[in-house]
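What follows is a set of notes on a single structure, which appears directly below.
Throughout, a chain's letter reflects where its sequence line sits, starting with A, and its residues are numbered from 1.
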2 protein chains.
Amino acid sequence: MPRASVQERNDATYWREFDRNTLSHSMAHYLMAIDRLRADLGYARTTDVAEMLEVSRGAASMALAQLKKRGWVGEDPNRFLLLTEAGKRITRLVEQNFETLARFFEQVLGAERDVAFADACKMEHLMSMDTGRRLLALMRYLLNDDALSAKVREHMASFKE
Amino acid sequence: MPRASVQERNDATYWREFDRNTLSHSMAHYLMAIDRLRADLGYARTTDVAEMLEVSRGAASMALAQLKKRGWVGEDPNRFLLLTEAGKRITRLVEQNFETLARFFEQVLGAERDVAFADACKMEHLMSMDTGRRLLALMRYLLNDDALSAKVREHMASFKE
DNA sequence: AACAGGTGTTAAGGCTCCTAAACAAGAGGT
DNA sequence: ACCTCTTGTTTAGGAGCCTTAACACCTGTT
(Lines give C-alpha, C1' and ligand atoms only; values in the text may rest on other atoms or scores of the structure.)
Protein backbone atom coordinates (compact mmCIF):
# COMPACT_ATOMS: atom_id res chain seq x y z
CA MET A 1 0.00 0.00 0.00
CA PRO A 2 1.39 3.42 -0.89
CA ARG A 3 1.97 5.79 1.97
CA ALA A 4 0.24 9.09 2.56
CA SER A 5 1.77 10.15 5.81
CA VAL A 6 1.32 13.09 8.10
CA GLN A 7 4.65 14.37 6.84
CA GLU A 8 3.10 15.29 3.53
CA ARG A 9 1.09 18.12 4.99
CA ASN A 10 3.30 21.00 4.09
CA ASP A 11 0.78 23.72 4.78
CA ALA A 12 1.43 24.54 8.39
CA THR A 13 -1.97 26.03 9.01
CA TYR A 14 -3.81 22.93 7.88
CA TRP A 15 -4.50 21.77 11.40
CA ARG A 16 -6.28 25.00 12.29
CA GLU A 17 -9.18 24.28 9.98
CA PHE A 18 -10.54 22.52 13.01
CA ASP A 19 -11.16 25.85 14.71
CA ARG A 20 -12.57 27.45 11.65
CA ASN A 21 -15.12 24.73 11.08
CA THR A 22 -18.47 26.21 10.08
CA LEU A 23 -20.10 24.52 13.00
CA SER A 24 -18.72 23.77 16.43
CA HIS A 25 -19.46 20.50 18.10
CA SER A 26 -21.82 22.01 20.64
CA MET A 27 -23.65 24.15 18.10
CA ALA A 28 -24.27 21.06 15.99
CA HIS A 29 -25.88 19.39 18.97
CA TYR A 30 -28.05 22.40 19.79
CA LEU A 31 -29.39 22.27 16.26
CA MET A 32 -30.06 18.54 16.41
CA ALA A 33 -31.75 18.92 19.78
CA ILE A 34 -34.25 21.40 18.34
CA ASP A 35 -34.88 19.10 15.41
CA ARG A 36 -35.46 16.12 17.63
CA LEU A 37 -37.65 17.98 20.11
CA ARG A 38 -39.88 19.27 17.35
CA ALA A 39 -40.19 15.73 16.03
CA ASP A 40 -40.84 14.21 19.46
CA LEU A 41 -42.88 16.88 21.25
CA GLY A 42 -44.00 19.07 18.40
CA TYR A 43 -42.24 22.10 19.87
CA ALA A 44 -38.95 23.18 21.39
CA ARG A 45 -38.26 25.80 24.02
CA THR A 46 -34.97 26.95 25.51
CA THR A 47 -35.62 24.93 28.63
CA ASP A 48 -36.35 21.76 26.68
CA VAL A 49 -33.12 22.08 24.76
CA ALA A 50 -31.16 22.69 27.95
CA GLU A 51 -32.73 19.65 29.53
CA MET A 52 -32.09 17.40 26.55
CA LEU A 53 -28.43 18.35 26.33
CA GLU A 54 -28.04 18.54 30.09
CA VAL A 55 -26.65 22.03 30.16
CA SER A 56 -27.90 24.99 32.21
CA ARG A 57 -30.68 27.16 30.83
CA GLY A 58 -28.20 30.02 30.75
CA ALA A 59 -25.83 28.13 28.49
CA ALA A 60 -28.68 27.12 26.19
CA SER A 61 -30.00 30.67 26.11
CA MET A 62 -26.67 32.07 24.98
CA ALA A 63 -25.96 29.32 22.49
CA LEU A 64 -29.40 29.75 20.93
CA ALA A 65 -28.88 33.51 20.73
CA GLN A 66 -25.76 32.75 18.69
CA LEU A 67 -27.63 30.41 16.40
CA LYS A 68 -30.39 32.97 15.90
CA LYS A 69 -27.81 35.60 15.05
CA ARG A 70 -26.33 33.26 12.46
CA GLY A 71 -29.75 32.74 10.95
CA TRP A 72 -30.07 29.03 11.66
CA VAL A 73 -32.70 29.24 14.37
CA GLY A 74 -35.85 31.34 14.58
CA GLU A 75 -39.03 31.56 16.64
CA ASP A 76 -42.59 30.94 15.62
CA PRO A 77 -45.37 33.39 16.56
CA ASN A 78 -45.69 31.69 19.94
CA ARG A 79 -41.96 32.13 20.61
CA PHE A 80 -41.23 28.43 20.17
CA LEU A 81 -37.91 27.60 18.58
CA LEU A 82 -37.67 26.44 15.01
CA LEU A 83 -34.98 25.79 12.44
CA THR A 84 -34.77 28.14 9.49
CA GLU A 85 -34.30 26.67 6.03
CA ALA A 86 -30.55 27.20 6.31
CA GLY A 87 -30.66 25.67 9.79
CA LYS A 88 -32.51 22.63 8.52
CA ARG A 89 -30.02 22.10 5.72
CA ILE A 90 -27.03 22.15 8.00
CA THR A 91 -28.74 20.03 10.65
CA ARG A 92 -29.70 17.39 8.13
CA LEU A 93 -26.13 17.28 6.94
CA VAL A 94 -24.75 16.63 10.40
CA GLU A 95 -27.43 14.05 11.15
CA GLN A 96 -26.69 12.24 7.93
CA ASN A 97 -23.00 12.24 8.70
CA PHE A 98 -23.71 10.83 12.13
CA GLU A 99 -25.94 8.12 10.77
CA THR A 100 -23.52 7.16 8.04
CA LEU A 101 -20.53 7.02 10.34
CA ALA A 102 -22.31 5.14 13.10
CA ARG A 103 -23.63 2.54 10.69
CA PHE A 104 -20.30 2.24 8.98
CA PHE A 105 -18.48 1.65 12.24
CA GLU A 106 -21.04 -0.79 13.54
CA GLN A 107 -22.25 -2.66 10.50
CA VAL A 108 -19.19 -2.64 8.28
CA LEU A 109 -16.31 -2.44 10.74
CA GLY A 110 -18.11 -4.49 13.36
CA ALA A 111 -17.43 -2.14 16.24
CA GLU A 112 -19.48 -2.29 19.43
CA ARG A 113 -22.54 -0.12 19.14
CA ASP A 114 -21.44 2.14 21.99
CA VAL A 115 -18.03 2.71 20.51
CA ALA A 116 -19.49 3.24 17.06
CA PHE A 117 -21.94 5.82 18.38
CA ALA A 118 -19.40 7.63 20.52
CA ASP A 119 -16.91 7.89 17.67
CA ALA A 120 -19.58 8.99 15.21
CA CYS A 121 -20.89 11.56 17.67
CA LYS A 122 -17.46 13.12 17.95
CA MET A 123 -16.71 13.15 14.23
CA GLU A 124 -20.09 13.84 12.63
CA HIS A 125 -19.82 17.60 12.22
CA LEU A 126 -16.22 17.44 11.01
CA MET A 127 -16.63 15.20 7.98
CA SER A 128 -17.16 17.18 4.80
CA MET A 129 -20.35 16.71 2.81
CA ASP A 130 -18.38 15.28 -0.07
CA THR A 131 -16.69 12.64 2.05
CA GLY A 132 -19.97 11.85 3.77
CA ARG A 133 -21.71 11.19 0.48
CA ARG A 134 -18.86 9.06 -0.72
CA LEU A 135 -18.91 6.99 2.44
CA LEU A 136 -22.64 6.49 2.05
CA ALA A 137 -22.12 5.32 -1.52
CA LEU A 138 -19.49 2.82 -0.41
CA MET A 139 -21.77 1.47 2.27
CA ARG A 140 -24.62 1.00 -0.12
CA TYR A 141 -22.28 -0.94 -2.33
CA LEU A 142 -20.83 -3.07 0.44
CA LEU A 143 -24.09 -3.80 2.21
CA ASN A 144 -26.36 -4.34 -0.78
CA ASP A 145 -24.31 -7.09 -2.32
CA ASP A 146 -24.96 -10.05 -0.05
CA ALA A 147 -21.93 -12.05 -1.04
CA LEU A 148 -19.59 -9.13 -0.74
CA SER A 149 -21.21 -8.01 2.48
CA ALA A 150 -20.75 -11.46 3.96
CA LYS A 151 -17.11 -11.58 2.94
CA VAL A 152 -16.41 -8.22 4.50
CA ARG A 153 -18.24 -9.16 7.66
CA GLU A 154 -16.34 -12.39 7.86
CA HIS A 155 -13.05 -10.64 7.45
CA MET A 156 -13.90 -8.06 10.08
CA ALA A 157 -15.05 -10.74 12.47
CA SER A 158 -11.40 -11.63 13.03
CA PHE A 159 -11.40 -8.68 15.39
CA LYS A 160 -12.95 -10.68 18.17
CA GLU A 161 -9.49 -11.80 19.22
CA MET B 1 -30.54 -1.02 5.25
CA PRO B 2 -31.59 -0.90 8.91
CA ARG B 3 -31.60 2.49 10.53
CA ALA B 4 -29.41 3.60 13.41
CA SER B 5 -30.46 7.17 13.77
CA VAL B 6 -29.44 9.98 16.01
CA GLN B 7 -32.70 9.48 17.86
CA GLU B 8 -31.38 6.30 19.40
CA ARG B 9 -28.93 8.11 21.58
CA ASN B 10 -30.86 8.21 24.78
CA ASP B 11 -27.98 9.14 27.01
CA ALA B 12 -28.15 12.90 26.99
CA THR B 13 -24.54 13.39 27.97
CA TYR B 14 -23.22 11.37 25.06
CA TRP B 15 -22.31 14.41 23.03
CA ARG B 16 -20.07 15.78 25.77
CA GLU B 17 -17.52 13.02 25.36
CA PHE B 18 -16.09 15.36 22.80
CA ASP B 19 -14.88 17.70 25.54
CA ARG B 20 -13.61 14.92 27.68
CA ASN B 21 -11.44 13.45 24.96
CA THR B 22 -8.05 12.42 26.30
CA LEU B 23 -6.36 14.64 23.81
CA SER B 24 -7.48 17.95 22.40
CA HIS B 25 -7.00 18.73 18.76
CA SER B 26 -4.27 21.26 19.40
CA MET B 27 -2.41 19.05 21.87
CA ALA B 28 -2.37 16.25 19.31
CA HIS B 29 -0.74 18.57 16.82
CA TYR B 30 1.86 19.78 19.30
CA LEU B 31 2.88 16.17 19.88
CA MET B 32 3.05 15.40 16.18
CA ALA B 33 5.08 18.54 15.54
CA ILE B 34 7.72 17.41 18.02
CA ASP B 35 7.79 13.98 16.43
CA ARG B 36 8.17 15.38 12.96
CA LEU B 37 10.79 17.94 13.93
CA ARG B 38 12.92 15.31 15.58
CA ALA B 39 12.65 13.19 12.46
CA ASP B 40 13.39 16.08 10.10
CA LEU B 41 15.91 18.19 12.01
CA GLY B 42 17.05 15.79 14.70
CA TYR B 43 15.84 18.12 17.45
CA ALA B 44 12.87 20.22 18.50
CA ARG B 45 12.76 23.45 20.45
CA THR B 46 9.81 25.53 21.57
CA THR B 47 10.44 28.02 18.79
CA ASP B 48 10.58 25.32 16.12
CA VAL B 49 7.27 23.92 17.26
CA ALA B 50 5.70 27.38 17.29
CA GLU B 51 6.99 28.02 13.81
CA MET B 52 5.78 24.72 12.42
CA LEU B 53 2.30 25.15 13.79
CA GLU B 54 2.26 28.88 13.12
CA VAL B 55 1.35 29.90 16.62
CA SER B 56 3.13 32.41 18.84
CA ARG B 57 6.06 31.25 20.96
CA GLY B 58 4.01 32.09 24.01
CA ALA B 59 1.23 29.74 22.99
CA ALA B 60 3.71 26.97 22.26
CA SER B 61 5.47 27.55 25.55
CA MET B 62 2.28 27.15 27.54
CA ALA B 63 0.97 24.21 25.56
CA LEU B 64 4.28 22.40 25.97
CA ALA B 65 4.25 23.10 29.69
CA GLN B 66 0.88 21.35 29.79
CA LEU B 67 2.20 18.38 27.86
CA LYS B 68 5.22 18.15 30.16
CA LYS B 69 2.94 18.22 33.19
CA ARG B 70 0.94 15.37 31.70
CA GLY B 71 4.11 13.38 31.20
CA TRP B 72 4.00 13.19 27.42
CA VAL B 73 6.87 15.55 26.70
CA GLY B 74 10.27 15.87 28.33
CA GLU B 75 13.62 17.53 27.71
CA ASP B 76 16.98 16.00 26.97
CA PRO B 77 20.13 17.17 28.82
CA ASN B 78 20.51 20.02 26.31
CA ARG B 79 16.96 21.17 26.97
CA PHE B 80 15.71 19.98 23.59
CA LEU B 81 12.18 18.63 23.54
CA LEU B 82 11.46 14.95 23.31
CA LEU B 83 8.50 12.64 23.59
CA THR B 84 8.33 10.35 26.60
CA GLU B 85 7.37 6.72 26.07
CA ALA B 86 3.76 7.56 26.91
CA GLY B 87 3.98 10.55 24.59
CA LYS B 88 5.30 8.41 21.76
CA ARG B 89 2.51 5.90 22.20
CA ILE B 90 -0.23 8.46 22.01
CA THR B 91 1.41 10.32 19.15
CA ARG B 92 1.80 7.17 17.12
CA LEU B 93 -1.85 6.44 17.67
CA VAL B 94 -3.00 9.78 16.34
CA GLU B 95 -0.60 9.61 13.42
CA GLN B 96 -1.85 6.16 12.52
CA ASN B 97 -5.43 7.37 12.71
CA PHE B 98 -4.57 10.26 10.44
CA GLU B 99 -2.83 8.05 7.94
CA THR B 100 -5.60 5.49 7.92
CA LEU B 101 -8.36 8.05 7.51
CA ALA B 102 -6.55 10.06 4.86
CA ARG B 103 -5.79 6.97 2.80
CA PHE B 104 -9.29 5.65 3.25
CA PHE B 105 -10.85 8.90 2.07
CA GLU B 106 -8.48 9.29 -0.84
CA GLN B 107 -7.80 5.76 -2.02
CA VAL B 108 -11.03 4.01 -1.18
CA LEU B 109 -13.61 6.76 -1.30
CA GLY B 110 -11.83 8.60 -4.10
CA ALA B 111 -11.96 12.01 -2.45
CA GLU B 112 -9.65 14.80 -3.56
CA ARG B 113 -6.39 14.65 -1.69
CA ASP B 114 -6.93 18.06 -0.09
CA VAL B 115 -10.38 17.17 1.14
CA ALA B 116 -9.20 13.78 2.35
CA PHE B 117 -6.34 15.36 4.28
CA ALA B 118 -8.43 18.15 5.75
CA ASP B 119 -11.13 15.75 6.93
CA ALA B 120 -8.59 13.30 8.33
CA CYS B 121 -6.75 16.11 10.11
CA LYS B 122 -9.92 17.15 11.89
CA MET B 123 -11.00 13.66 12.87
CA GLU B 124 -7.73 11.86 13.59
CA HIS B 125 -7.59 12.36 17.35
CA LEU B 126 -11.28 11.59 17.84
CA MET B 127 -11.43 8.11 16.36
CA SER B 128 -10.96 5.42 18.99
CA MET B 129 -8.06 3.02 18.72
CA ASP B 130 -10.46 0.15 18.21
CA THR B 131 -12.25 1.79 15.32
CA GLY B 132 -8.94 2.88 13.83
CA ARG B 133 -7.61 -0.65 13.82
CA ARG B 134 -10.80 -1.96 12.31
CA LEU B 135 -10.70 0.61 9.55
CA LEU B 136 -7.12 -0.34 8.82
CA ALA B 137 -8.11 -3.98 8.58
CA LEU B 138 -10.90 -3.17 6.16
CA MET B 139 -8.57 -1.16 3.98
CA ARG B 140 -6.02 -3.93 3.83
CA TYR B 141 -8.79 -6.23 2.73
CA LEU B 142 -10.22 -3.87 0.14
CA LEU B 143 -6.92 -2.72 -1.31
CA ASN B 144 -5.02 -6.00 -1.33
CA ASP B 145 -7.55 -7.90 -3.40
CA ASP B 146 -7.05 -6.47 -6.86
CA ALA B 147 -10.39 -7.53 -8.26
CA LEU B 148 -12.32 -6.27 -5.29
CA SER B 149 -10.26 -3.12 -5.13
CA ALA B 150 -10.98 -2.42 -8.79
CA LYS B 151 -14.69 -2.97 -8.31
CA VAL B 152 -14.82 -0.61 -5.38
CA ARG B 153 -12.83 2.00 -7.22
CA GLU B 154 -15.06 1.67 -10.22
CA HIS B 155 -18.16 2.08 -8.11
CA MET B 156 -16.76 5.12 -6.34
CA ALA B 157 -15.73 6.67 -9.63
CA SER B 158 -19.38 7.46 -10.27
CA PHE B 159 -18.76 10.42 -8.00
CA LYS B 160 -17.15 12.41 -10.75
CA GLU B 161 -20.56 13.77 -11.69
C1' DA C 1 -54.62 42.12 44.11
C1' DA C 2 -50.88 39.16 45.73
C1' DC C 3 -48.07 35.15 45.50
C1' DA C 4 -45.74 31.05 43.55
C1' DG C 5 -43.86 28.51 39.52
C1' DG C 6 -41.94 28.04 35.39
C1' DT C 7 -39.29 30.39 31.67
C1' DG C 8 -35.72 33.17 29.51
C1' DT C 9 -31.89 36.43 30.02
C1' DT C 10 -27.94 38.43 32.10
C1' DA C 11 -23.77 38.67 35.13
C1' DA C 12 -19.64 36.83 37.19
C1' DG C 13 -16.30 33.36 37.15
C1' DG C 14 -13.61 29.16 35.25
C1' DC C 15 -11.16 26.61 31.73
C1' DT C 16 -8.88 26.20 27.09
C1' DC C 17 -6.13 28.18 23.68
C1' DC C 18 -4.90 31.93 21.02
C1' DT C 19 -2.21 36.90 20.45
C1' DA C 20 0.77 40.67 21.56
C1' DA C 21 3.99 42.56 24.39
C1' DA C 22 7.24 42.86 28.21
C1' DC C 23 11.06 40.60 30.07
C1' DA C 24 15.08 37.44 31.56
C1' DA C 25 18.93 34.89 30.13
C1' DG C 26 22.43 32.81 27.09
C1' DA C 27 25.67 33.31 22.68
C1' DG C 28 28.30 35.67 19.45
C1' DG C 29 30.50 40.01 17.33
C1' DT C 30 33.11 44.03 17.97
C1' DA D 1 32.99 44.63 28.55
C1' DC D 2 29.10 45.87 25.74
C1' DC D 3 25.65 45.42 22.50
C1' DT D 4 22.43 42.62 20.00
C1' DC D 5 19.97 38.58 18.47
C1' DT D 6 17.64 34.48 19.68
C1' DT D 7 15.12 31.82 22.85
C1' DG D 8 11.79 30.84 26.34
C1' DT D 9 8.50 32.46 29.84
C1' DT D 10 5.07 35.41 31.81
C1' DT D 11 1.24 38.68 31.70
C1' DA D 12 -2.91 40.81 30.04
C1' DG D 13 -6.67 40.38 27.13
C1' DG D 14 -10.05 38.05 23.90
C1' DA D 15 -13.21 34.28 22.10
C1' DG D 16 -15.84 29.94 22.95
C1' DC D 17 -18.67 27.43 26.21
C1' DC D 18 -19.72 25.93 30.53
C1' DT D 19 -21.72 26.89 35.70
C1' DT D 20 -24.27 29.23 39.35
C1' DA D 21 -26.95 32.87 40.81
C1' DA D 22 -29.73 36.89 40.40
C1' DC D 23 -33.44 38.97 37.85
C1' DA D 24 -37.50 40.13 34.97
C1' DC D 25 -41.83 38.23 33.13
C1' DC D 26 -45.87 35.75 32.48
C1' DT D 27 -49.47 32.89 34.11
C1' DG D 28 -52.53 30.52 37.06
C1' DT D 29 -54.04 30.22 41.94
C1' DT D 30 -56.07 31.76 45.92
Side-chain angles (χ1 to χ4, degrees), chain A residues 12-34 37-38 41-70 72-82 121-122 125-126, chain B residues 12-34 37-38 41-70 72-82 121-122 125-126:
Chain A
T13 65
Y14 227 121
W15 70 286
R16 292 259 206 119
E17 286 190 26
F18 187 84
D19 294 335
R20 291 191 274 275
N21 214 47
T22 356
L23 197 59
S24 74
H25 182 72
S26 64
M27 289 304 167
H29 283 271
Y30 279 103
L31 290 176
M32 291 193 293
I34 294 173
L37 283 165
R38 290 194 64 94
L41 303 182
Y43 62 86
R45 294 166 309 171
T46 304
T47 303
D48 304 316
V49 171
E51 213 166 285
M52 167 166 284
L53 296 181
E54 291 191 3
V55 297
S56 66
R57 279 179 302 156
S61 179
M62 288 188 305
L64 291 167
Q66 263 298 319
L67 292 172
K68 284 171 194 162
K69 214 171 66 186
R70 291 202 211 171
W72 290 331
V73 170
E75 289 181 356
D76 71 12
N78 296 321
R79 295 187 33 85
F80 286 129
L81 298 166
L82 43 81
C121 173
K122 287 184 281 184
H125 68 293
L126 296 169
Chain B
T13 64
Y14 228 122
W15 70 287
R16 292 261 206 118
E17 287 190 24
F18 187 84
D19 294 336
R20 291 192 275 274
N21 214 48
T22 358
L23 197 59
S24 73
H25 182 72
S26 62
M27 289 305 166
H29 283 272
Y30 279 103
L31 291 176
M32 290 192 292
I34 295 173
L37 283 165
R38 290 194 64 93
L41 304 181
Y43 63 85
R45 294 166 307 169
T46 304
T47 302
D48 303 316
V49 171
E51 212 166 286
M52 168 167 282
L53 297 181
E54 290 192 3
V55 296
S56 66
R57 279 177 302 155
S61 178
M62 288 188 306
L64 290 167
Q66 263 298 318
L67 292 172
K68 283 171 194 164
K69 213 171 68 185
R70 290 201 212 172
W72 291 332
V73 169
E75 289 180 357
D76 71 12
N78 296 321
R79 297 187 31 83
F80 287 129
L81 298 165
L82 43 80
C121 173
K122 288 185 280 186
H125 68 293
L126 296 169

Problem set entry | Heavy-atom donor-acceptor pair, B:Asp48 side chain to B:Arg45 backbone, under 3.5 Å | yes

Seminar exercise, completed: Sorted by chain and number, sequence neighbours left out, side chain to side chain contact (heavy atoms under 4.5 Å, CB included) with A:Ala33 holds for A:Val49, A:Met52, A:Leu53

Seminar exercise, completed: Comparing B:Glu75 with A:Ala63, nearest DNA chain D nucleotide closer to 5' gives the residue B:Glu75

Problem set entry | Covered region of DNA chain D, 5' end to 3' end, by chain B [heavy atoms, under 4.0 Å] | D:dT7 to D:dT19

For this session: For A:Arg79, enumerate each residue passing the side-chain hydrogen bond (donor to acceptor under 3.5 Å, both in side chains) test, keeping only those at least two apart in sequence or located in another chain.
Result: A:Glu75

For this session: Look at all strands and tell whether A:Thr46 reaches a base, only sugar-phosphate, or nothing, counting heavy atoms closer than 4.0 Å.
Result: sugar-phosphate

Exercise. Considering residues at least two apart in sequence or located in another chain, which fulfil the side-chain hydrogen bond (donor to acceptor under 3.5 Å, both in side chains) criterion with B:Asp19?
Worked result: none

Problem set entry | Nucleotides bounding contact with chain A, strand DNA chain C, heavy-atom threshold 4.0 Å | C:dT7 to C:dT19

Exercise. Using a cut-off of 4.0 Å on non-hydrogen atoms, how would the nucleic acid contact of A:Tyr30 be classed: base, sugar-phosphate, or nothing?
Worked result: sugar-phosphate

Exercise. From B:Gln66 CD over to B:Trp72 CH2, what is the distance, rounded to the nearest 0.5 angstrom?
Worked result: 9.0 Å

Problem set entry | Position toward the 5' end of DNA chain C (nearest nucleotide), A:Arg57 or B:Ala60 | A:Arg57

Exercise. Touch check for B:Ser56, heavy atoms < 4.0 angstrom, all strands: base, sugar-phosphate only, or nothing?
Worked result: base

Exercise. Quick one: side chain to side chain contact (heavy atoms under 4.5 Å, CB included) partners of B:Ser26, sequence neighbours excluded?
Worked result: A:Trp15, B:Ser24, B:Tyr30

For this session: Measure the CE-CG distance between B:Met27 and B:Leu64 for me, rounded to the nearest 0.5 Å.
Result: 8.0 Å

For this session: To the nearest 0.5 angstrom, please state how far the CG atom of A:Leu81 sits from the CG atom of A:Leu37.
Result: 9.0 Å

